[in-house]
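Below is one structure, written out as structure tokens; the observations come after it.
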Amino acid sequence: MNCTDFLAKLTDYFDGQIDAELLTEVKEHLGSCHHCEVVVDTTRQTIDVYRGHQPYEFPDELSSKLRGAIMDRCRKHVETTVGEKTSAGVK
Amino acid sequence: MAAELSSIDQELEPTDEIAVDSTEEAPEGVAAEPHPDVLLVEQARAGDTAAFEKLIRQYDRQIFRTALHITQNREDAEDITQDVFFKAFQKLDQFKGNSKFSTWLVRIAVNESLMRLRKRKTSKTVSMDQDVETDEGSIPRDFAEWRPNPEQTFSQSELGDILRKTIAGLPPGFRTVFTLRDIENLSTEETAEALGLSVPAVKSRLLRARLQLRERLSRYFRKAATPA
Ligand SMILES: [Zn+2]
């Protein structure tokens, strides 16, 4: 297994979706190739740093503001559709 | 290093438009145990708005963040969050429970977000496929090890800036896959469903997104070079 082969398997390796035989080859390559070892290590850190530091806040006030607005629209929608159904039924 | 990396992406399905309504066609009655959301959806469909409100509480954060990651614009993300839930409410009948309700919502959110991007950049079309043909940045070049704890080198706000700036530099098609799969923790299959992509296409984009982010973050996080 060379570096290109290894990279092609990187996603499956991270996801643990790799069969035993291939895993042995992957580990062998990792043991002998410092570059790929660094790539694995720093890619893992890339994922971890994004998971650990949600770069966007979603404060409670915003959540309730949005929820209020959505529910208003939904209730209006229910009223108008019920209204339509009723008037259609009357016809 | 990876000269053949470009071949990985060739089985891409062209999908510049993602149809919101076309997913629920699998045979009914196969699911073993219904997800708790299914009950809430049924109640909401029957006119119980409180049930729908519960669903909003559960997923508003995820929808907001997804929209923000794709559009990179807070106001857009707020509007999109409202639109997504309102659209979902109007289309509840179309949700058949073959996919998770959250995946269905994310799919609507992705559509809405891409539409916003298109509106903003009037001259350029924006799609999931934009810029994904390029290998630029997907081939590892920086093999420096990183400092173990970026928290010790950067303040929270500096780190936040770095992370935002870095992910904003990715093409939307990569950014979205990374967001759903790695930040929002959707499975590969769910990500594929939410984006209307094949599983191999998701894997290929995820690989490139991760490698590009890694390469860019390396500038900040690499260990200081030892003086020669
Ligand atoms: Zn290697």
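Reminder, nothing fancy here: chain letters follow the sequence lines and each chain counts from 1.
- Neither the backbone nor the side chain of B:Ala77 has a heavy atom closer than 4.5 Å to any heavy atom of chain A.
- Top candidate by heavy-atom pairs under 4.5 Å with chain A, chosen from B:Phe89, B:Trp146, B:Phe85, B:Phe52, is B:Trp146.
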Q) Stepwise, does the side-chain contact (heavy atoms from CB on, under 4.5 Å) test hold for A:Gln45 with B:Arg214? A) CA-CA 8 Å; A:Gln45 287 188 65; B:Arg214 184 204 80 90; over 6 Å; no
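- From A:Ile47, atom CD1 reaches atom CZ of B:Phe178 across 6.0 Å, with rounding to the nearest 0.5 Å.
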Q | side-chain hydrogen bond (donor to acceptor under 3.5 Å, both in side chains) between A:Thr43 and B:Arg210, intermediate numbers included | A | CA-CA 6 Å; A:Thr43 304; B:Arg210 285 168 169 174; over 6 Å; no
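- To the nearest 0.5 angstrom, A:Tyr50 atom OH is 5.0 Å from B:Leu213 atom CG.
- Only the side chain of B:Thr188 comes within contact range of chain A, with at least one heavy atom under 4.5 Å from a heavy atom of that chain.
- Only the side chain of B:Glu184 has a heavy atom closer than 4.5 Å to any heavy atom of chain A.
- Chain B forms the most heavy-atom pairs under 4.5 Å with one residue out of A:Asn2, A:Leu10, A:Thr11, and that residue is A:Thr11.
- Sorted by first and then second residue, the side-chain hydrogen bond (donor to acceptor under 3.5 Å, both in side chains) pairs with a member in residues 47-56 of chain B form an empty list; sequence neighbours excluded.
- In terms of heavy-atom proximity, A:Glu57 sits nearest to B:Arg74 at O-NH1, 3.5 Å.
- Residues of residues 60-67 of chain A that come within less than 4.5 angstrom of chain B, heavy atom to heavy atom, are A:Asp60, A:Leu62, A:Ser63, A:Lys65, A:Leu66, A:Arg67 in numerical order.
- Looking at B:Leu68, both its backbone and its side chain come within 4.5 Å of chain A, counting heavy atoms on both sides.
- Ranked by heavy-atom pairs shorter than 4.5 Å toward chain A, the options B:Leu159, B:Asp142, B:Leu206 are led by B:Leu159.
- Listed here is the closest heavy atom pair of A:Leu7 and B:Leu207: O-CD2, 3.6 Å.
- The side-chain heavy atoms of A:Arg51 and B:Asn185, taken from C-beta on, include a pair separated by under 4.5 Å.
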Distance-only check: which donor-acceptor pairs under 3.5 Å involve side-chain atoms of residues 69-76 of chain A, not counting sequence neighbours?
| residue | atom | partner | partner atom | Å |
| --- | --- | --- | --- | --- |
| A:Arg73 | NH1 | B:Asp83 | OD1 | 3.1 |
| A:Arg73 | NH2 | B:Asp83 | OD1 | 3.3 |

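- The interface of residues 13-24 of chain A with chain B, defined by heavy-atom distances below 4.5 Å, comprises A:Phe14, A:Asp15, A:Gln17.
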Q: Verify side-chain contact (heavy atoms from CB on, under 4.5 Å) between A:Phe58 and B:Asp60, making sure each step is shown before the conclusion.
A: CA-CA 9 Å; A:Phe58 187 61; B:Asp60 58 353; 3.6 Å; yes
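- Looking at B:Phe86, both its backbone and its side chain come within 4.5 Å of chain A, counting heavy atoms on both sides.
- Looking at A:His34 and B:Glu145, their side chains come closer than 4.5 Å, going by heavy atoms from C-beta outward.
- Taking the six-membered ring where tryptophan is involved, the planes of B:Phe143 and A:His35 are essentially parallel, since the angle between them stays under 30° and well short of 60°.
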